[in-house]
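Structure first, then comments.
Numbering of ligands and ligand atoms starts at 1, following listing order. All residue numbers refer to positions in the sequence shown, counting from 1.
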Amino acid sequence: MDFPPDLISSLQKADRIAVLTGAGASQESGLRTFRDSQDGLWAKYKPTDLASPEAFARDPKLVWDWYAWRREAIKGVRPNRGHYALVEMESKVADFTLITQNVDGLHRFAGSKKIHELHGNINRVRCSQCGMFTEEWGDDTESVPTCGKCGGLLRPDVVWFGESLPRGELEAAVLAARNCQVFFSIGTSGVVQPAASLAFAAHNKGALVVEINAESTPLTPKADYFFQGKSGEILPELVNAVWRNKD
Ligand code: OAD
Ligand code: ZN
């Protein structure tokens with residue numbers, strides 16, 4: 001792919017870059033995005049109908065099982081070339097912040113260091129009553145495991161629809177978006193707030209906004225550069241063009 005020379009030179013000069021990723025960044029690792037239909041057992045449910053406090057209150061076992069199934073699916077999954085390109089970008093840029101909506105932990109697995117997980121992490125579990133985190137829980141398939149301290153039902157440490165984001169992570173993400181010179185929006189449909197507003201915050205503060213997505217999104221008309229395609233293909237090429245050929 002040919003990248004515009006002015007983008008290449010802006011990136012070479014930038015020392016403050018922020019990146020937001022969504023489910024599309026993990027698609028080439030074999031994970032379905034949120035708005036794709038699901039397969040197998042779960043095909044009749046929409047993720048948006050399972051990822052909510054109301055769904056958990058109505059049928060905790062259903063919601064627990066869905067996350068347990070996704071946790072299993074993620075175990076065999078590896079980062080893709082897009083994840084590794086972001087690790088390389090971090091090593092080239094003085095102040096680099098990665099903000100992700102993904103709960104799969106693949107950025108950390110790949111080696112990214114400064115990460116803000118806005119929607120939590122599926123591999124962490126906490127009590128729905130007292131909030132205590134736990135590393136170990138029973139595999140009893142009959143019922144949802146309970147908290148050793150208060151007996152409350154355990155739940156994944158992810159953000160559900162209608163819940164607020166972890167405050168520290170969100171604050172750090174907003175700060176990075178406001179301070180960066182270049183903001184990347186990668187593989188996210190940009191329809192879930194507040195994550196979707198970060199690119200606009202960066203744009204309003206004068207940052208260049210670069211979008212990489214398989215399709216156009218509500219952000220596309222505002223983006224300074226839009227590259228349509230797969231992040232696992234475009235990102236390594238871009239990192240190569242900008243930083244490998246520098247000097
Ligand atoms: P979505 O599933 O909404 O969007 C995935 C985006 O990735 C779409 O815009 C696709 O066009 C794009 N895409 C797919 N494959 C791609 C690829 N290989 N390379 C580049 N782009 C690709 O996922 P998110 O935007 O992450 O929230 O969804 C945001 C949030 O909504 C999720 O974190 C989750 C969900 O409900 C919570 O659970 C709170
Ligand atoms: Zn508890």
Parallel, tilted or perpendicular: ring planes of Tyr225 versus Phe227, cut at 30 and 60 degrees: parallel
Ile8 vs Trp243 side-chain heavy atoms within contact, under 4.5 Å: no
Carboxylate-amine/guanidinium contact Asp95 Lys114, below 4.0 Å: yes
Degrees at the Zn ion (ligand 2) between the SG atom of Cys147 and the SG atom of Cys130, nearest 10°: 110°
Would you give me the side-chain donor-acceptor pairs under 3.5 Å for residues 152-166, sequence neighbours excluded?
| from | atom 1 | to | atom 2 | distance (Å) |
| --- | --- | --- | --- | --- |
| Arg155 | NH1 | Glu163 | OE2 | 2.8 |
| Arg155 | NH2 | Val158 | O | 2.7 |
| Arg155 | NH2 | Glu163 | OE1 | 3.1 |
| Asp157 | OD1 | Arg126 | NE | 2.7 |
| Asp157 | OD2 | Arg124 | NE | 2.8 |
| Asp157 | OD2 | Arg124 | NH2 | 3.0 |
| Trp160 | NE1 | Tyr67 | OH | 2.9 |
| Glu163 | OE1 | Trp160 | N | 2.8 |

Atom NZ of Lys61 with >12 non-hydrogen neighbours under 6.0 angstrom: yes
Contact residues of ligand 1, where a non-hydrogen atom lies under 4.0 Å away: Gly22, Ala23, Gly24, Gln27, Glu28, Thr33, Phe34, Arg35, Gln101, His119, Val159, Phe161, Gly187, Thr188, Ser189, Val192, Asn213, Ala214, Glu215, Gly229, Lys230, Ser231
Test item: Val192 and His119 side chains (from C-beta on) under 4.5 Å apart, heavy atoms: yes
